[in-house]
Asker: 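Quick one: the structure is below, questions incoming.
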Protein chains: 2
Amino acid sequence: MFMSIEPMALRHAVLAALLDGEYSGYQLTKIFDIGVSNFWYAAPQQLYAELTKLEAGGLVTGREVVQRGRPNKRLFKVTDAGLRELAAFAATPAKPLLIRDDLAVKVHAVDLLDPAPVIEQLHDRAREAAAKLEVFEQLLLRLRGDLDEETFLRQGEHVGPYLSCLAGCRLERETRAWCLETARTLGERMARAGRDIS
Amino acid sequence: MFMSIEPMALRHAVLAALLDGEYSGYQLTKIFDIGVSNFWYAAPQQLYAELTKLEAGGLVTGREVVQRGRPNKRLFKVTDAGLRELAAFAATPAKPLLIRDDLAVKVHAVDLLDPAPVIEQLHDRAREAAAKLEVFEQLLLRLRGDLDEETFLRQGEHVGPYLSCLAGCRLERETRAWCLETARTLGERMARAGRDIS
DNA sequence: GAAGTCATGTAAACGGTTACATGATTTT
DNA sequence: AAAATCATGTAACCGTTTACATGACTTC
């Protein structure tokens, strides 16, 4: 059992991601790249390490799966103790969301810098956000099957992943919109400044 | 001078926050609580430590200000070397935004947990988002003075802080909306489940 | 033949958080 | 008299990131 009471945050994200089945460390890295990526980022190496710790703590169990033609893998699932841990976690007050955004720092300082590379990065980010948005929207379709959203949210059995994915959609949509607007604003200011010189 | 080339992320946020004047460590903690809080979180102790490192690296200079009735303070401003550092930072590709959200983890797992505390936390988060939104909107008003937004963005001199604040507004607005919607959905499902039992 | 995927780790360095520590002044 | 604000730090711990390491099989 774990002695520590509070921090250690990745742990709960891993438990939540494992709730709907058995996955290997490698498969988890894929899940963290897509389905969970809207609320948690983790590097692959973190996941392998975390699974080892969770297994040592009895919150997940692993079983070896022998494969032909491929390396063997270990599939993990959440134990009863793991579920209790998640329940305890869910009942304690959430910490406010902590943001740290490189690109916003650059925009904040843009008046004293060359705006061109910042504009380029805003377009990059907008493209990434659009791509993620598409992935999330596909995921929503898959999750709700042939029901429309309202019906699914009222009557579906597993709405958690759907609801968290909706948050991801909102974030990506706004990110895309802000990046494009900001890039346009900075671009127009650049154009004007160029004209003023010539 | 700093030897390391890339990570060390707080540093750039501090430089960006210091661009519009001289501030003490204590004042910086206030700025990180408000104006910068839409793209970076830092604990007070981090800021004191970071200022010390930045000064040792020549990226900021501090000057002692003797005060009566209050402890003396040190005011810091960005040096030319600091500005060059920021410029170099702004020109390198931004890392994708990394998210880690406790509350979304809980929502993701909510189907197997007691939804009541999660709903409560969603309301808490919605309230916080609304409060932050108000602060940001006041900040926007202050920043653009008596110009309307469009005119200010075209002709204003310092639009960086305004643009980054717009991102904060978008985020808080969506956060509030998602939290309230999600809380309502979960609440209605709870009510139905309660009726089904009785 | 090269690139990509499946599969899992270790170790070192870096960054962030929490707890502790101090002390004067101002406001309630 | 107590609480809040101004003002700055140290030390220990925890969590995250990066670099390194390995190897078979599959697809282009």
Side-chain angles (χ1 to χ4, degrees), chain A residues 2-14 22-34 40-57 60 62-76 95-102 105, chain B residues 2-14 22-34 36-37 40-57 60 62-76 95-102 105:
Chain A
F2 290 103
M3 291 298 110
S4 62
I5 4 176
E6 252 304 305
M8 221 166 283
L10 170 59
R11 201 188 335 160
H12 302 116
V14 171
E22 283 186 312
Y23 299 104
S24 68
Y26 187 78
Q27 286 174 298
L28 251 195
T29 64
K30 300 302 157 191
I31 291 169
F32 270 76
D33 274 353
I34 310 167
W40 210 273
Y41 166 83
Q45 298 83 345
Q46 270 180 284
L47 294 176
Y48 286 113
E50 198 62 40
L51 284 171
T52 305
K53 277 190 247 168
L54 284 168
E55 195 182 22
V60 304
R63 63 184 180 93
E64 187 88 12
V65 172
V66 181
Q67 298 186 116
R68 286 174 302 172
R70 282 188 189 169
N72 295 343
K73 60 183 175 184
R74 308 195 60 215
L75 293 181
F76 296 92
K95 292 163 204 155
L97 178 57
L98 307 183
I99 300 176
R100 294 190 175 104
D101 184 358
D102 259 20
V105 172
Chain B
F2 290 103
M3 292 298 111
S4 61
I5 3 175
E6 250 305 303
M8 221 166 284
L10 170 58
R11 200 189 334 161
H12 302 116
V14 171
E22 282 186 313
Y23 299 103
S24 68
Y26 187 78
Q27 286 174 298
L28 251 196
T29 65
K30 300 302 157 192
I31 290 169
F32 269 76
D33 274 352
I34 311 167
V36 179
S37 70
W40 210 273
Y41 167 82
Q45 298 84 344
Q46 269 180 283
L47 294 175
Y48 286 114
E50 198 61 40
L51 284 170
T52 306
K53 278 190 247 168
L54 285 167
E55 195 182 21
V60 304
R63 64 185 180 91
E64 186 89 12
V65 172
V66 180
Q67 298 186 114
R68 287 174 302 173
R70 281 188 190 168
N72 295 343
K73 61 183 174 183
R74 310 195 59 213
L75 293 182
F76 295 92
K95 292 164 205 157
L97 178 56
L98 307 183
I99 299 177
R100 292 190 177 105
D101 184 357
D102 260 20
V105 172

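Residue numbering restarts at 1 for every chain, and letters A, B, ... go by the order of the sequence lines.
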Asker: Is any side-chain nitrogen or oxygen of Y48(A) closer than 4.0 Å to OP1 or OP2 of dT8(C)?
Answerer: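 So the side chain of Y48(A) is within the cut-off, an N or O lying under 4.0 Å from OP1 or OP2 of dT8(C).
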
Asker: Taking for each residue the nucleotide of DNA chain D with the nearest heavy atom, is it R70(A) or A49(B) whose nucleotide lies nearer the 5' end?
Answerer: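 In this pair, the answer is A49(B).
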
Asker: The criterion is side chain to side chain contact (heavy atoms under 4.5 Å, CB included); which residues satisfy it with E22(A), sequence neighbours excluded?
Answerer: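 Once residues adjacent in sequence are excluded, the partners of E22(A) under the side chain to side chain contact (heavy atoms under 4.5 Å, CB included) criterion are R63(A), L75(A), K77(A).
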
Asker: Describe the nucleic acid contact of S24(A) in one word from base, sugar-phosphate, nothing, applying a heavy-atom distance below 4.0 Å.
Answerer: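 The answer is sugar-phosphate, as S24(A) gets under 4.0 Å only of primed atoms, P, OP1 or OP2.
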
Asker: With a 4.5 Å cut-off on side-chain heavy atoms, are L47(B) and L10(B) touching?
Answerer: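 In contact.
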
Asker: Distance check needed: dA7(C) C1' versus L28(A) CG, whole Å only.
Answerer: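 Interatomic distance, CG of L28(A) to C1' of dA7(C): 13 Å.
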
Asker: Within this structure, what is the CG-to-C1' distance between D33(B) and dA4(D), rounded to whole angstrom?
Answerer: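 Distance check: D33(B) CG to dA4(D) C1' gives 15 Å.
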
Asker: Is R100(B) close enough to dT17(D) that one of its side-chain N or O atoms is under 4.0 Å from OP1 or OP2 there?
Answerer: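 Affirmative; the distance criterion is met.
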
Asker: Using a heavy-atom cut-off of under 4.0 Å over every strand shown, decide if L51(A) touches base, sugar-phosphate, or nothing.
Answerer: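 L51(A): no heavy atom of the nucleic acid under 4.0 Å.
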
Asker: Need to verify one output field. Residue with the more 5' nearest nucleotide on DNA chain D, A42(A) or R74(B)?
Answerer: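 With A42(A) and R74(B) compared, the 5'-side residue is R74(B).
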
Asker: Rounding to an integer number of Å, can you tell me how far L10(B) CG sits from dT17(D) C1'?
Answerer: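 Rounded to the whole Å, the gap is 16 Å.
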
Asker: Please state how far atom CG in N72(B) lies from atom P in dA24(C), giving the value in whole angstrom units.
Answerer: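 Atom-to-atom, N72(B) to dA24(C), this comes out as 14 Å.
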
Asker: Quick one: label L98(B) by what it contacts on the DNA or RNA (base, sugar-phosphate, nothing), any heavy atom closer than 4.0 Å.
Answerer: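 Counting heavy atoms under 4.0 Å across all strands, the contact made by L98(B) is with sugar-phosphate only.
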
Asker: Look at the side chain of K30(A) and decide which nucleotide, out of dA7(D), dC6(C), dT18(D), has an atom nearest to it.
Answerer: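 Among the listed nucleotides, the one closest to the side chain of K30(A) is dC6(C).
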
Asker: From NZ of K53(B) over to P of dG9(D), roughly how many Å is that when rounded to an integer?
Answerer: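 After rounding, the gap between these two atoms is 14 Å.
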
Asker: Should Q67(A) be listed as having a side-chain N or O under 4.0 Å from OP1 or OP2 of dA7(C)?
Answerer: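 Answer yes for this pair, as a side-chain N or O of Q67(A) is under 4.0 Å from OP1 or OP2.
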
Asker: Quick one: does R100(A)'s side chain have a donor or acceptor within less than 3.5 Å of a partner on Y41(B)'s backbone?
Answerer: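 Looks like yes, one N/O pair under 3.5 Å.
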
Asker: Check whether any side-chain heavy atom of F32(A) sits under 4.5 Å from a side-chain heavy atom of V14(A), and report yes or no.
Answerer: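 Result yes, sub-4.5 Å side-chain heavy-atom pair found.
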
Asker: What closest approach, in Å, do G25(A) and Y48(A) show between heavy atoms, and which atom pair accounts for it?
Answerer: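 It is CA-CE2, 3.8 Å.
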
Asker: Is any side-chain N or O of Q27(B) closer than 4.0 Å to OP1 or OP2 of dC6(D)?
Answerer: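 For dC6(D), OP1/OP2 do not have a side-chain N/O of Q27(B) under 4.0 Å.
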
Asker: Nearest-nucleotide wise, let me know which of K73(A) and Q45(A) is further upstream toward the 5' end of DNA chain C.
Answerer: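 Nearest-nucleotide comparison on DNA chain C picks K73(A).
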
Asker: So does Q46(A) get a side-chain nitrogen or oxygen closer than 4.0 Å to the phosphate oxygens (OP1/OP2) of dG15(D)?
Answerer: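 The answer is no; no side-chain N or O of Q46(A) sits under 4.0 Å from OP1 or OP2.
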
